[in-house]
Structure formats: structure tokens, C-alpha cells
Amino acid sequence: MRYWLLKSEPDDISIEDLAGAPQQALAWTGIRNYQARNFLRDAASVGDLAFFYHSSCADIGIAGIVEIVSTPYPDPTQFDPGSRYFDPKATAEQPRWVSVDIRFVQQGGFVPLATLKAHPELEGMPLLAKGSRLSVSPVERAQWEFIRALMAETP
DNA sequence: GCCAACGTTGGC
DNA sequence: GCCAACGTTGGC
């Protein structure tokens, strides 16, 4: 059982979208970074929990919690020429990119990026590293619980 | 919209 | 294998 942080642009998929989806679950597609993919492919398991982070938007920060509810499988968008995530070098025999399914767990307790940055306890999180672009990153248990406490302060 | 930081590509 | 050029990410 591990903890993660998943970044999403809410214009693409927001925590509200996830909460409103059938079964409150969606395929988490479009990862096109090898390090992020490797985390998903090699270390993510069913039952893992993740902070759902909204990036590139008006309210940047942790917007909710989701659960990983599938094992990794080939991201179907890599094979779809009509998708913005199409990858001409991916083949069915040798897929490059993986997806997992995620399910809504909790919304509310929004924690802005500025708040995360303000707490020395969270130094070292990949998210807060200068120039970080990782869309999937691990969260240590102590940091997970610290952020959970921050979320609880903001219903 | 700007720009810094980063990852990838491709020529050599 | 190096490294410049380019495209993308993402906060501000």
C-alpha cells in the first residue's frame, strides 16, 4: 500500500469530473513521461491512495483524494491517431505508456500549493522541487498524514 | 502571456 | 556519447 500524488489539469479532468463519473471512476490516461510511467507501471497497486492535484488553473493545489482501482494496462490513447496523446512509436506488441483506473474517494479540504510550500515538514516532496514536472510522484506516509491534517482544517 | 526548468530529439 | 535546438510543463 503506497501513497501518491497525481497531477491533473482540471480543464482536462477535475476532481469534480471524477466524482460525477459513472461508478465515480475514470481511466487515468495521457501520462507521457517515463519517470511517471515507471511509477505507475512498477510501483502502483490496487488500493493505493493518491492526492489529486489541480495544476495550470486558477486554484492550484490538492483538491481531493482518489484510489487506484486497477492494475496498470496499456494506455489506449497511445494507439488512437485522433487522440492528442497518440504515439506513433507505440505498438500493441510493445506499448510505451500505461494507464490505471482511479476512483473518487474524497473532495474538499483544498490545500493550495502556497500552503504546501509553507510547511517545512513537506520539504523534499517531488512536487515542491524546483522545476518539478512529474505528474505521478510518491508521497511518504508521514507527509501523507501531515497533508491529511491540513485538509481536515479546511472543510 | 511570459518565462524558467525540464525532457526529448537528432545531427555530428 | 555529446550537446544544441526544440517542445512542453506549469507557476506566476
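Only this structure's heavy atoms are used, side chains among them; waters, hydrogens and symmetry mates stay out. Below, read A as the first sequence line, B as the second, and so on, with proteins coming before strands; counting in each chain starts at 1. If you're wondering where the values come from, they're calculated on a predicted model, not measured in any experiment.
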**Message:** Please report the distance, rounded to the nearest Å, between CZ in R96(A) and P in dT9(B).
**Reply:** 6 Å
**Prompt:** Starting at CD1 of I60(A) and ending at P of dG10(C), how long is that distance when rounded to a whole Å?
**Reply:** 10 Å
**Request:** For E9(A) and dG10(C), give me the distance from atom CD to atom P, rounded to whole Å.
**Result:** 7 Å
**Asked** Nearest to the side chain of K130(A), which nucleotide is it out of dT9(B), dA5(B), dT8(B)?
**Response** dA5(B)
**Proximal nucleotide (of dT8(B), dG11(C), dT9(B)) relative to the K89(A) side chain** = dT9(B)
**Message:** Once you apply a heavy-atom cut-off of 4.0 Å, does S135(A) come out as touching a base, just sugar-phosphate, or nothing?
**Reply:** nothing
**Asked** Is R32(A) salt-bridged to D75(A), cutoff N-O under 4.0 Å?
**Response** yes
**Message:** Is the phosphate of dG10(C) approached by K7(A) (side-chain N or O, under 4.0 Å from OP1 or OP2)?
**Reply:** yes
**Request:** Could you state the atom-to-atom distance from CG of L6(A) to P of dG10(C) in whole Å?
**Result:** 12 Å
**Request:** Please list, chain by chain and in numerical order, all residues satisfying salt bridge (charged side-chain N to carboxylate O under 4.0 Å, His left out) with E145(A), sequence neighbours excluded.
**Result:** R141(A)
**Request:** Return the value, rounded to whole Å, for the distance between atom NE2 of H54(A) and atom C1' of dT9(C).
**Result:** 17 Å
**Request:** Write down the distance between CG (L116(A)) and P (dG10(C)), rounded to a whole number of angstrom.
**Result:** 15 Å
**Prompt:** Stepwise, does the side-chain hydrogen bond (donor to acceptor under 3.5 Å, both in side chains) test hold for S14(A) with D17(A)?
**Reply:** CA-CA 5 Å; S14(A) 68; D17(A) 294 336; 3.3 Å; yes
**Request:** To the nearest Å, give me how far apart CG (D87(A)) and C1' (dT8(B)) are.
**Result:** 12 Å
**Asked** Which one, dG11(C), dA5(B), dT8(B), comes nearest to the side chain of S55(A)?
**Response** dG11(C)
**Y53(A) side-chain N/O to dG11(C) phosphate OP1/OP2 under 4.0 Å** = yes
**Asked** Within this structure, what is the CG-to-P distance between L5(A) and dG10(C), rounded to whole angstrom?
**Response** 11 Å
**Asked** Under 4.0 Å between a side-chain N or O of K117(A) and OP1 or OP2 of dC12(C)?
**Response** yes
**Message:** Contact between P95(A) and F79(A) at the side-chain level, heavy atoms closer than 4.5 Å - yes or no?
**Reply:** yes
**Asked** Is any side-chain N of the basic residue among D48(A) and R2(A) closer than 4.0 Å to the acidic one's carboxylate O?
**Response** no
